[in-house]
Protein chains: 2
Amino acid sequence: MSYSIGEAAKMVGLTAHTLRFYDKEGLLPFVKKTSSGLRAFTESDIEWLKIIECLKGTGLPLKQIKQYIDWCMEGDSTIPQRLNMFIEQKKHVEEQKAKWEKHLAKINFKIKYYEDAAKHGDLNVFDRHPELLKEKNKLFED
Amino acid sequence: MSYSIGEAAKMVGLTAHTLRFYDKEGLLPFVKKTSSGLRAFTESDIEWLKIIECLKGTGLPLKQIKQYIDWCMEGDSTIPQRLNMFIEQKKHVEEQKAKWEKHLAKINFKIKYYEDAAKHGDLNVFDRHPELLKEKNKLFED
DNA sequence: GCTTGACTTAGAGTTAACTCTAAAGATTAA
DNA sequence: TTAATCTTTAGAGTTAACTCTAAGTCAAGC
């Protein structure tokens, strides 16, 4: 059993347009067509789409995702490259997580700041809570 | 004391081109110019740039960052909107963090998979470790 | 005073990732 | 069998966020 492009799109949360675009970009060399020319997505193809989504979701550009797909199509000789790519991507994700953590601390500070401002209707927050100034400087110092 | 556009750019890890672009887009209404027309960034302006970087770094589009800046320029009456924006952005960051956590689990699985593949020089990983199949299906089930 | 490098503007060009259109062919349900 | 709803292609258009160019102005060091 297989799925039409519309069904496949719905299953992975993309549009049929986007899947065709990916195909055109060479990201879906594994997708076969019926005798009348319609794309037929298998369960295995859906798995591929999920891996693509995972890599895209962690910020890997489509070009590099294509590189990975190409390695997969090339065979066992590219296993080291693929392993390396995932190790690099793991590193990238962990760096991003750290960055987001820092940004979140700043956002939390701003929420605290504006909550006080909203309570009093003005921005004299540091007059009311001088200790917050040190906290702010620490958060934004780099 | 104030900084030239090049100095300011270096301080926040952007280019002078990008700062001019931000200015053109209305993100830097607070930056004043010298009598001869050169932008002069104050310490306070650098703080603004860091907040912009924080919001941009958590995925807020420049248009919405401009909206925030506009609110700031408008005065105390927009404090509730600004508070609300940061609360929304906090929510967004936390959703993203959860998403990245899921992607990371998939990437870690792939690393495990390709490490075994690399060790044996082939992709018969699930023949050697049938229990990994269940793990894979759990990770990619949604 | 002169050179060198940074700065100014307006505006054009780039890149990634879609997003949509048109015209034609395929599939499904009544 | 016919209408409605897919799907196909090629190719144009869009959006966000830069990125660069040209032609001229300004500032700092010798």
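Here is the naming used below: chain letters follow the sequence lines, and residue numbers restart at 1 for every chain.
- Residue B/T34 is classed as having no contact, given no heavy-atom separation below 4.0 Å to the nucleic acid.
- A heavy-atom distance below 4.5 Å is not found between the side chains of A/S4 and A/L38.
- A/Y113 carries A/K110 over the face of its six-membered ring, with the cationic atom under 6.0 Å from the centre and within 45° of the normal.
- Not a single donor-acceptor pair under 3.5 Å links the side chain of B/T78 to the backbone N or O of B/Q81.
- Close to D/dC26, at under 4.0 Å from its OP1 or OP2, lies no side-chain N or O of B/R39.
- When atom types are taken as modelled, the side chain of B/D70 and the backbone of B/Q67 share no donor-acceptor pair closer than 3.5 angstrom.
- If you measure from atom CG of B/L38 to atom C1' of D/dA28, you get 13 Å, rounded to the nearest angstrom.
- Within residues 5-30 of chain B, the residues approaching DNA chain D are B/H17, B/T18, B/F21, B/Y22, by heavy-atom distance under 4.0 Å.
- No cation-pi contact links A/K24 to A/F21, judged by a cut-off of 6.0 Å to the six-membered ring centre and 45° from its axis.
- Contact check on A/K97 versus A/E94 returns no salt bridge, with no Lys/Arg side-chain nitrogen under 4.0 Å from an Asp/Glu carboxylate oxygen.
- Where B/S36 and A/G37 meet DNA chain D, the nucleotide closest to each residue was compared, and A/G37 sits on the side nearer the 5' end.
- Taken from CD1 in A/I69 to CZ in A/R82, the straight-line distance is 10.0 Å, to the nearest 0.5 Å.
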Q: Could you go through the side chain to side chain contact (heavy atoms under 4.5 Å, CB included) check for A/F41 and A/L19 one step at a time?
A: CA-CA 11 Å; A/F41 288 76; A/L19 287 183; 4.1 Å; yes
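- One finds the CD atom of B/E88 at 10.5 Å from the CG atom of B/L83 (value rounded to the nearest 0.5 Å).
- Nucleotides of DNA chain C lying under 4.0 Å from heavy atoms of chain B occupy a range whose first and last members, 5' to 3', are C/dC7 to C/dG11.
- Distance alone, capped at 3.5 Å, places no donor-acceptor pair between the A/E25 side chain and the A/L62 backbone.
- For DNA chain D, none of the residues of residues 40-71 of chain A falls under the heavy-atom distance limit of 4.0 Å.
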